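Here's the structure we're looking at; comments come further down.
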There are 2 protein chains.
Amino acid sequence: MSRQTRLPVKSAAAKPSPLAAMPTGDWLLLDNQMCFALYSASLTMTKVYKPLLQKFGLTYPQYLVMLVLWEHDARSVSELGERLFLDSGTLTPLLKRLEALDFITRTRDAADERRVIVALTAAGRRLQKQSLTVPQHVSCATECSLPELKALTRQLGDLRAALLRSTSSTG
Amino acid sequence: MSRQTRLPVKSAAAKPSPLAAMPTGDWLLLDNQMCFALYSASLTMTKVYKPLLQKFGLTYPQYLVMLVLWEHDARSVSELGERLFLDSGTLTPLLKRLEALDFITRTRDAADERRVIVALTAAGRRLQKQSLTVPQHVSCATECSLPELKALTRQLGDLRAALLRSTSSTG
DNA sequence: CATAATTACATTGTACACAATCTAATTGAC
DNA sequence: GTCAATTAGATTGTGTACAATGTAATTATG
């Protein structure tokens, strides 16, 4: 067989990398890497939240759990995990801290003793109104307009979906 | 004085939040929040890297340190930190692991005994060529074109810069 | 040149994040 | 109904992140 053979090899002759249009020597440059921009922007973002959430005693991941519960109270741990893309190893200790703060309760589901139902306390519900200033402050800190924020949100959602496909499938 | 007074009040009458154009009740919805899209995309991204870097025994933050050193060998801990937006509390243990893997050396600077110079070993340099497949694979996983990747990289870099301004200054 | 201030890094403590594993409860196959 | 397979959470171990603090070396000031 010649070197030009293109039989459907294992993970496909498929698409060439989008990087093919760039010199190979530039592939490993930090500032060319979208992933590093993503990673460092995400870390910086949590630093912006920190002082805002500290007033309530919350961390950013804890605040995310509260957001989910404010949308729909009383959800199981796995439902929270699906919504937030986090697993029980992360959520279990986090939820125990939220419980210790008296913002949520954790109760075994009587109908299915494997499940743990996470529900808001009165204090947890009260927190919703008080935390309206948080997205307000953070959105200002982004120095983005609302259309820009919406566009970025969609792009990052699409990116997450694409990356999830590559982890769950053949890769 | 009339209600129109615009004396420079504490943290300014300043700009209204970009969210002002959105119903208040939507501010706390998870899927409206760019920050959650950012956070979850970043976590998903590191999951894509994991199997690719595991071949070399590296984690994603460790890989970032290698990227910096491949661009410019022999840098101090604080230089690495400035480049990666990480502090010594994160880098010190991470660098010790890279040293244990024999990819870097850590040496006190003779000219300034406070500084620790991080430099590549031969194995660390060899890793550069071997890791060219990593950005190739990840860029495919994003399902983005090169112009899309470049645009996202710039947007996220701008976002990080804006967020950094809000943490360092008056906030 | 003595000492106060600063700088560079390390350490400690808290909180994620997640793979791997474990346990208990439920469901399925027969 | 019994036992295997599955499911839901919890636990364990490793590795970030980062605030706060500690220590040693360097620089600045008088």
Side-chain angles (χ1 to χ4, degrees), chain A residues 36 39-51 53-54 56-65 75-82 84-101 104 106-118 163-164 167-168, chain B residues 36 39-51 53-54 56-66 75-82 84-101 106-118 163-164 167-168:
Chain A
F36 172 63
Y39 171 82
S40 55
S42 177
L43 291 182
T44 307
M45 180 270 293
T46 60
K47 282 182 211 166
V48 173
Y49 273 94
K50 182 161 291 186
L53 295 176
Q54 231 156 27
F56 309 124
L58 293 178
T59 63
Y60 183 66
Q62 290 168 10
Y63 171 71
L64 290 178
V65 168
R75 305 179 77 107
S76 70
V77 174
S78 57
E79 285 169 333
L80 292 173
E82 282 165 30
L84 298 175
F85 306 95
L86 296 172
D87 72 3
S88 77
T90 300
L91 285 174
T92 296
L94 187 158
L95 294 171
K96 286 182 180 173
R97 282 175 212 117
L98 281 179
E99 188 181 34
L101 289 169
I104 64 162
R106 292 161 65 245
T107 332
R108 285 276 164 191
D109 185 349
D112 183 343
E113 291 279 349
R114 292 171 306 178
R115 290 158 51 89
V116 168
I117 303 300
V118 180
L163 295 174
L164 278 174
T167 55
S168 47
Chain B
F36 171 63
Y39 170 82
S40 56
S42 177
L43 291 181
T44 307
M45 181 270 292
T46 60
K47 283 182 209 165
V48 173
Y49 273 95
K50 183 162 292 187
L53 294 176
Q54 231 157 27
F56 309 124
L58 293 178
T59 64
Y60 183 65
Q62 290 167 11
Y63 171 70
L64 290 178
V65 168
M66 299 303 291
R75 306 179 78 106
S76 70
V77 173
S78 57
E79 284 170 334
L80 291 173
E82 281 165 31
L84 298 174
F85 305 95
L86 297 172
D87 72 3
S88 77
T90 300
L91 285 173
T92 296
L94 189 158
L95 294 171
K96 285 182 180 175
R97 284 177 207 113
L98 281 178
E99 186 180 34
L101 289 169
R106 293 162 64 245
T107 330
R108 286 276 163 191
D109 185 349
D112 183 343
E113 289 281 347
R114 291 171 306 177
R115 289 157 51 86
V116 167
I117 302 300
V118 179
L163 294 174
L164 277 175
T167 56
S168 48

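Because only heavy atoms are used, hydrogens play no part in the values below, and waters and symmetry mates are left out as well, while side chains stay in. Lettering of chains follows the sequences in order, A, B, ..., and the numbering in each one begins at 1. Only a predicted model underlies this, so the values are computations on that prediction, with no experimental measurement involved.
- B:Gln62 is not listed as a side-chain neighbour of B:Met66, based on a closest heavy-atom distance of 4.5 Å or more.
- Checking C:dT26, D:dT16, D:dA25 against every side-chain atom of A:Glu113, the shortest atom distance belongs to C:dT26.
- The 5' end of DNA chain D is approached more closely, in terms of each residue's nearest nucleotide, by B:Gln62 than by the other of B:Gln62 and B:Arg114.
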Next item on the list: For the pair A:Lys96 and A:Thr92, evaluate side-chain contact (heavy atoms from CB on, under 4.5 Å) and give the outcome as yes or no after the intermediate values.
Entry: CA-CA 6 Å; A:Lys96 286 182 180 173; A:Thr92 296; 4.0 Å; yes
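- In terms of polar N and O atoms assigned as donor or acceptor, the side chain of A:Ser88 never comes within less than 3.5 Å of the base of D:dA8 in a complementary pairing.
- If you measure from atom CG of B:Asp87 to atom P of D:dG22, you get 17 Å, rounded to the nearest angstrom.
- Close to C:dC18, at under 4.0 Å from its OP1 or OP2, lies a side-chain N or O of B:Lys47.
- Nucleic acid contact for A:Leu86: sugar-phosphate only, since backbone atoms but no base atoms lie under 4.0 Å from a heavy atom of the residue.
- Here B:Asp112 lies in heavy-atom contact (under 4.0 Å) with sugar-phosphate atoms only.
- One atom, CG of A:Leu91, and another, P of C:dC16, lie 10 Å apart when rounded to the nearest Å.
- Put simply, A:Thr59 has no side-chain N or O that comes within less than 4.0 Å of OP1 or OP2 on C:dT14.
- If you find the closest nucleotide of DNA chain C to A:Leu94 and to A:Ala111, the one lying nearer the 5' end belongs to A:Leu94.
- Within the 4.0 Å cut-off from OP1 or OP2 of C:dA25, not a single side-chain nitrogen or oxygen of A:Arg108 is found.
- Checked by distance alone, B:Ser78 brings no side-chain donor or acceptor within 3.5 Å of a matching partner on the base of C:dA8.
- Checking the phosphate oxygens (OP1, OP2) of D:dA10, a side-chain nitrogen or oxygen of A:Arg106 falls inside 4.0 Å.
- Between B:Lys96 and C:dC9 there is no side-chain N or O to OP1 or OP2 distance below 4.0 Å.
- Here the P atom of nucleotide C:dA15 and the CG atom of B:Leu43 are 18 Å apart, to the nearest Å.
- Between A:Thr59 and A:Thr46 there is no side-chain heavy-atom pair separated by less than 4.5 Å.
- One can place CD of A:Gln54 at 12 Å from C1' of C:dT14, the figure rounded to the nearest angstrom.
- If you take CD of B:Glu79 and P of C:dC9, they are 8 Å apart, rounded to a whole angstrom.
- Separating the CG atom of B:Leu95 from the P atom of C:dC9 is a distance of 10 Å, rounded to the nearest angstrom.
- Here A:Arg75 does not reach the OP1 or OP2 of D:dA8: none of its side-chain N or O atoms lies under 4.0 Å away.
- Ranked by how close their nearest DNA chain C nucleotide is to the 5' end, A:Arg97 and A:Ala110 are led by A:Arg97.
- Classification of the A:Phe85-B:Phe36 ring pair by plane angle, with boundaries at 30° and 60°, yields parallel.
- Proximity of a side-chain donor or acceptor of A:Arg108 to a complementary backbone N or O of A:Glu113 within less than 3.5 Å is detected.
- Rounded to an integer number of Å, the gap from OH of A:Tyr63 to C1' of C:dA15 is 19 Å.
- Note: CG (B:Leu53) to P (C:dC18) measures 15 Å, nearest angstrom.
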Next item on the list: Kindly indicate, with the supporting measurements, whether the criterion side-chain contact (heavy atoms from CB on, under 4.5 Å) is fulfilled by A:Val118 and A:Val77.
Entry: CA-CA 7 Å; A:Val118 180; A:Val77 174; 4.2 Å; yes
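- Residue contacts for A:Thr46: at a heavy-atom cut-off of 4.0 Å it reaches no nucleic acid atom on any strand shown.
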